[in-house]
There are 2 protein chains.
Amino acid sequence: MALRHAVLAALLDGELSGYQLAKAFDVGVANFWYAQPQQLYAELTRLEKEGLVAGREVVQESRPNKRLFHVTDAGVAELEAFTAASAKPAFIRDDLLVKVQAADRVDTDALIAQLTDRARVAQAKIDLFGTLLHRLRGHRTEEEFLRHGDRIGPYLTCLRGVAFERENRDWCLRTVDVLKERRQLHARH
Amino acid sequence: MALRHAVLAALLDGELSGYQLAKAFDVGVANFWYAQPQQLYAELTRLEKEGLVAGREVVQESRPNKRLFHVTDAGVAELEAFTAASAKPAFIRDDLLVKVQAADRVDTDALIAQLTDRARVAQAKIDLFGTLLHRLRGHRTEEEFLRHGDRIGPYLTCLRGVAFERENRDWCLRTVDVLKERRQLHARH
DNA sequence: TCAGATTAGTCATTTTTATGACTACCATGG
DNA sequence: CCATGGTAGTCATAAAAATGACTAATCTGA
């Protein structure tokens, strides 16, 4: 039941509609969790029913109306309880790792292509996170912002995201090199 | 359906029993996937029914009998197909990140404790992976092993695991520092 | 000698996550 | 003037992962 807490944590930044939330959780900026829009709408409905978030209708012209949600006191209490409870250890769970694990026995061409693509995607995320970090800290240096800023949670998780994607990119490129070199050595026989 | 492929990939290293597989997928060395024993037994049953793995009974004295599984040709073909298909992007999904995202609004004492503990666990994994890497490459240097070794898949995924845990540890420690310093600044008012 | 850990598994069920198929309406570009 | 894409969602179902409760033997340390 971590999605619900991820949603609560995301809503701490201010009121968001389900649609906006979905954007934030989508491919782009999912720096601390990932979910499909449908999951988020469902979760918001449940959270509202339990009184952990509250929504207000915003009437728009020239665009469908939307409901903006914010975390209630009960919601903050729920987050508090969640934070106090012990966290389960995190694991990498990545199709690509499974494929690389089997690299000795399967065709490496497709794998090399996927690794290369993943490195590209990782670089794009690094750039995106870089922009995001800059926007969050404004004119301040990182040190200064982390000491005195008033909302550092998203900044810290974004830092984790950058580090993850950097490792991701570097490992993919390194693995591509290794696989390519072995392919060449093999071809010569 | 990646667990099945993770199991197939793991069995490429040689025959394993469900129990041994469970060990490999457990907290210790889950360097490319993680699963509970029950999930693995269930998956092995399914894989066997589909002919992707085959098991043979090994009668043991002074210990319960066991079934050792190996990947069949059909299993390798399945892995091949899986590798050729495009991989879905990987995301971090970690309770701790959610908690840090909410760090500005919840009690940080428990969080600091958890981050510290996570850093410790990460360090333990780094050490474990270090030993494992050394065992895999034997007397050879990494470069040499990756060029000429005959089973580099597990080595490469283990490298990814080390990098991940290192980032994990460093980020946890950094975050602890930030939170502690802010707590002090706050206390003075 | 007896409690607790280790080996080796099974069965049933719940929880969580993901997917597919939809509805509507507006704006913009070609 | 109409196809495409963005905004804003809903409903139902499938798939995957996790959990709880078991059996049964042996081996190990206090």
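If you're wondering where the values come from, they're calculated on a predicted model, not measured in any experiment. In what follows, chains carry the letters A, B, and so on, assigned in the order in which the sequence lines appear, proteins first and then strands, with residues in each chain numbered from 1.
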Within less than 4.0 Å of OP1 or OP2 of dT6(C), is there a side-chain N or O belonging to Lys23(B)?
no
Output yes when a side-chain donor or acceptor of Thr72(A) lies under 3.5 Å from a complementary backbone atom of Leu52(A), and no otherwise.
yes
So what is the end-to-end bend of the helix from dT1(C)-dA30(D) to dG30(C)-dC1(D), with 5 pairs used at each end and the value given to 10 degrees?
40°
Got a sec: does the NE2 of His134(A) have more than 12 other heavy atoms crowding it under 6.0 Å?
no
Nearest-nucleotide check on DNA chain D, Tyr41(A) vs Pro64(A); residue mapping nearer the 5' end is Pro64(A)
Atom CD of Gln60(A) and atom P of dC26(C): how far apart are they, to the nearest Å?
12 Å
Those residues that, when tested against Tyr155(A), pass ring-ring contact (aromatic ring centres under 6.0 Å, His included) (two or more places apart)
Phe145(A)
What pairs meet the salt bridge (charged side-chain N to carboxylate O under 4.0 Å, His left out) rule with one or both residues in residues 39-52 of chain B, with sequence neighbours excluded?
Arg4(B)-Glu43(B), Arg4(B)-Glu50(B), Glu43(B)-Arg46(B), Glu48(B)-Arg67(B)
Taking Gln20(A) for the side chain and Ser17(A) for the main chain, is one N or O donor matched with an acceptor at less than 3.5 Å?
yes
Between Glu57(B) (CD) and dT7(C) (P), how many Å, whole number?
18 Å
For Ser17(A) and dG9(D), is the shortest distance between a side-chain N/O and OP1 or OP2 below 4.0 Å?
yes
Note: Lys88(A)-Asp94(B) ion pair, threshold 4.0 Å (strictly below):
no
Taken in chain and number order and not counting sequence neighbours, the residues that satisfy side chain to side chain contact (heavy atoms under 4.5 Å, CB included) with Leu173(B) are Ala119(B), Arg169(B)
dG9(D) OP1/OP2 closer than 4.0 Å to side-chain N/O of Tyr19(A):
no
For nucleotides 12-22 of chain D, read 5' to 3', which letter fits each nucleotide if B means a protein heavy atom sits under 4.0 Å from the base, S means only the sugar-phosphate is that close, and - means neither?
----SSBBBB-
Arg63(B) has an atom CZ; how far is it from atom C1' of dT7(C), in whole Å?
6 Å
Quickly work out the Phe25(A) CZ to dT17(C) C1' distance and round it to whole Å.
14 Å
Scan side-chain atoms only and decide if Glu80(B) and Thr83(B) contain a donor-acceptor pair under the 3.5 Å cut-off.
no
With the threshold set at 4.0 Å, does a side-chain nitrogen-carboxylate oxygen contact exist between Lys180(A) and Asp177(A)?
no
Contacting residues from residues 43-53 of chain B, given that a heavy atom lies under 4.0 angstrom of DNA chain C:
none
Looking at Glu15(A) and Arg56(A), is there a salt bridge between them, counting it only when a charged N and a carboxylate O are closer than 4.0 Å?
yes
Side-chain contact test, heavy atoms from C-beta onward, threshold under 4.5 Å: evaluate it for Leu115(B) versus Trp171(B) and give yes or no.
yes
